[in-house]
Enquirer: 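Okay, handing you the structure first.
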Amino acid sequence: MFLKFKDEVSSILSNALAKAGYEADDIALSESPHADISSSVAFKLAPKYKRSPKQICEEIYKHINIPPDTYVEKAEMTGPYLNFFVSRDFFNETLLHVLLERDDFGNLDRKGKVILEHTSANPDGPLHIGHIRNSVIGDTLTRILKRAGYEVETQYYINDMGRQIAVVVWGLMNFKFDSSKKTDHAIAEVYINANKSLVDEKEHSPEVDAIMKKYETGDADTIKKFKDAIDTAMLGIKETLTRMNIHHDTFIWESQFVRGGEVDRIMKRIRELDRAKVQDGALMVDLKDMGIQKSLVIQRSDGTSLYTTRDLAYHEWKAARSDRMIDILGADHKLISSQLKAVLHILGIPEPEVVIFEFVSLPEGSMSTRRGVFISADELLDQVEKAAYEEVNKKRPETDEEFKKKVAAFVSIGAVRYDIVRVSPEKATTFDWKEALDFEKQGAPFIQYAHARACSIIKNAQDEGIVYENYDPNILVEEQELALIKKLASFGSSIDNASRELKPNLIAIYARELADAFNQFYRYVPVLSGEPEFRAARLALVDCSRIVLANALDTLGIVAPESM
RNA sequence: GGGCUCGUAGUAUAGUCCGGAUAGUACAUGGGCCUCCGGAGCCUAUGACCUGGGUUCAAAUCCCAGCGAGCCCGCCA
């Protein structure tokens with residue numbers, strides 16, 4: 001709705017500019033506290049036409065002609081600014097559209113197939129609190145892109161050819177596997193022990209090398225060992241992801257590109273490039289002209305491939321199966337991903353869009369699965385769930401055990417997801433238990449609560465036999481009502497921005513602002529307890545709020561509860 | 001040493017790409033608000049753009065130089 005309003009303003013303003021004899025490549029529209037949308041074009045034109053912004057603004061203003069049947073009510077001139085305001089139709093039709101489109105309200109109609117890769121943590125232990133920043137950003141972006149209209153396939157790239165997996169396999173042959181533990185945690189224990197042992201007793205290192213070699217050459221017994229180890233770890237990882245409401249459509253094993261010949265083919269293509277050089281028997285590409293000083297090694301002197309080479313093959317494969325590729329990667333992949341993009345570019349293969357997120361560290365420093373220094377996602381979720389349970393127990397002591405557990409589960413998942421997604425990916429964060437367990441913050445529970453409150457009002461209305469089928473939207477004129485409707489109307493615009501800029505935190509902000517607007521409306525405007533003539537329209541507004549709150553929460557992968 | 005990213009109230013952050021009208025929000029701190037649809041709520045006060053230059057009619061935003069933090073710079077992944 002807001003997008004349509006913006007388009008209308010845009011064409012009205014462009015026409016006025018043309019009639020006034022001005023040419024502007026940017027009409028400088030922006031949201032503003034002074035209007036529903038405002039323009040500062042006059043400033044932009046001032047130097048070019050050597051007149052004061054105020055003077056220019058007046059001339060444009062004189063030529064503004066607002067056609068009937070638009071969402072634009074009026075334009076005003078305030079100093080050198082042009083302010084535009086929405087019309088009554090805008091409010092009325094927003095409600096109409098929400099009630100008509102329901103779950104689909106806010107969806108856009110972009111087209112195309114997107115392959116989005118996220119999480120892709122090495123299967124050598126459980127996901128930790130750094131990994132799930134990747135998962136939550138990736139999953140939320142997936143939901144945003146789906147609402148924007150794209151067909152999205154999510155992929156988890158399993159690095160099964162790395163040394164760390166060979167260490168796990170070696171560890172499983174030499175250390176006890178604790179089957180009483182969750183499988184990924186048991187794998188981590190073996191991995192940590194194996195690493196310790198490999199540091200202390202260097203003579204075992206060749207055994208790991210031998211295992212790796214056997215896997216690469218396709219030894220059937222070794223392949224089985226790798227598969228078992230990885231499946232064991234992935235079982236636990238998937239369990240954690242499912243708990244967090246995160247799903248991957250496909251799991252791609254790195255080794256498939258070696259065995260399938262794609263890696264050899266891409267190495268051959270690179271070898272034929274002018275910029276390729278062989279140094280000490282290793283194949284390298286020079287990327288200096290692309291702003292990257294370091295040459296990239298494509299093939300080892302012993303003829304085997306490297307991680308990056310296999311990743312190149314993977315991306316070539318993805319490019320053939322999608323219109324758009326998006327990778328969610330940690331900050332440690334900045335250089336490698338720009339090298340990857342550069343090589344793909346040289347080869348004429350479409351490049352992925354890379355979303356980089358900065359590290360989550362512990363107060364004592366960075367995390368490491370290998371050293372056993374990390375807080376697992378499971379531990380975080382368990383602790384938060386426990387705190388959430390205590391909270392429900394305090395606030396709803398009269399409810400039964402099953403209810404409390406259910407609420408604790410969705411509140412904790414919501415709190416963790418929201419806490420991660422609300423911060424821009426480019427900010428590095430330090431994990432803090434006290435903060436993670438604090439429910440006083442205006443986070444997911446706040447939004448879920450607003451939704452539950454809306455549901456409660458609707459339920460009360462049903463019990464009292466109040467319906468809104470023939471509501472008159474024109475009587476919604478209170479400041480809080482109008483502010484709330486405007487917020488509802490802008491959901492699509494938030495999806496548009498978030499999907500365009502790949503910024504999931506915009507939806508987190510939107511959801512919070514919507515809950516805010518709803519709470520203020522609730523506080524000031526009586527729905528069922530007010531004058532009967534207002535009931536129907538206000539009830540309709542509550543239902544619309546409920547729908548859009550649910551849509552926003554769904555986009556964040558958070559449960560929208562009827563009661564909590 | 002080189003490269004990339006970040007620096008906004010006591011704390012956590014939005015805004016920065018694309019410069020514009022009183023820098024938005026939460027927690028914490030101080031005041032208020034339930035005979036009333038769910039108080040996990042609402043209202044209100046205090047408080048911030050790392051430093052120094054530059055560009056501009058206008059800088060949190062762009063440029064340069066510092067300072068501080070994180071990440072990367074391996075024939076690892």
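Heavy-atom basis, side chains included; hydrogens, waters and symmetry copies ignored. All values derive from a computational prediction rather than experimental measurement. Letters A, B, ... are given to chains in the order of the sequence lines, protein chains preceding strands, and every chain is numbered from 1.
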Enquirer: Compare the minimum distances between each of rC71(B), rC27(B), rC75(B) and the side chain of Asp438(A), then state the nucleotide with the smallest one.
Expert: rC27(B)
Enquirer: Any side-chain N or O of Lys459(A) less than 4.0 Å from the OP1 or OP2 oxygen of rG38(B)?
Expert: no
Enquirer: Could you work out which one of rG39(B), rC72(B), rU5(B) sits closest to the side chain of Tyr522(A)?
Expert: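 Nearest nucleotide to the side chain: rG39(B).
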Enquirer: Mind telling me whether rC34(B) is syn or anti, cutoff 90° either side of 0?
Expert: syn
Enquirer: Between Tyr157(A) and Tyr314(A), what is the ring plane arrangement, given parallel below 30°, perpendicular above 60°, and tilted in between?
Expert: parallel
Enquirer: Does Asn519(A) make a side-chain N or O approach to OP1 or OP2 of rG41(B) shorter than 4.0 Å?
Expert: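 For rG41(B), neither OP1 nor OP2 has a side-chain N or O of Asn519(A) closer than 4.0 Å.
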Enquirer: Would you indicate whether Lys277(A), at its atom NZ, is surrounded by more than 12 heavy atoms from other residues, nucleotides or ligands within a distance under 6.0 Å?
Expert: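 It does: Lys277(A) NZ has more than 12 such atoms within range.
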Enquirer: What about Ser40(A): does its side chain form a donor-acceptor pair under 3.5 Å with the base of rA21(B)?
Expert: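 Absent.
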Enquirer: Please work out if Glu31(A) contacts a base, only the sugar-phosphate, or nothing of the nucleic acid, heavy-atom cut-off 4.0 Å.
Expert: nothing
Enquirer: Is Asp280(A) touching bases, backbone alone, or none of the nucleic acid, heavy atoms closer than 4.0 Å?
Expert: base
Enquirer: Test for a donor-acceptor pair under 3.5 Å between the base of rA21(B) and the side chain of Asn83(A), counting only N and O atoms.
Expert: yes
Enquirer: I want to confirm an ordering. Mapping Asp332(A) and Asp302(A) to their closest nucleotides on RNA chain B, which one lands closer to the 5' end?
Expert: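 On the 5' side of the pair lies Asp332(A).
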Enquirer: Answer with yes or no whether Ser529(A) presents, from its side chain, a donor or acceptor under 3.5 Å of a partner atom in the base of rC36(B).
Expert: no
Enquirer: Identify whether any heavy atom of Ser424(A) sits under 4.0 Å from a base atom; if not, whether one sits that close to sugar-phosphate; answer base, sugar-phosphate or nothing.
Expert: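 Sugar-phosphate, no base atom in range.
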Enquirer: Using a heavy-atom cut-off of under 4.0 Å over every strand shown, decide if Ala452(A) touches base, sugar-phosphate, or nothing.
Expert: base
Enquirer: Is there a donor N/O on one and an acceptor N/O on the other, under 3.5 Å, for the side chain of Ser38(A) and the base of rA21(B)?
Expert: yes
Enquirer: With a 4.5 Å limit on heavy-atom distance, are the side chains of Gln299(A) and Met284(A) in contact?
Expert: no
Enquirer: For the side chain of Tyr449(A), counting heavy atoms from C-beta on, which of rG41(B), rA77(B), rU22(B) is nearest?
Expert: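 The closest nucleotide is rG41(B).
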Enquirer: Can you figure out which of rG15(B), rC76(B), rG39(B) approaches the side chain of Leu306(A) most closely?
Expert: rC76(B)
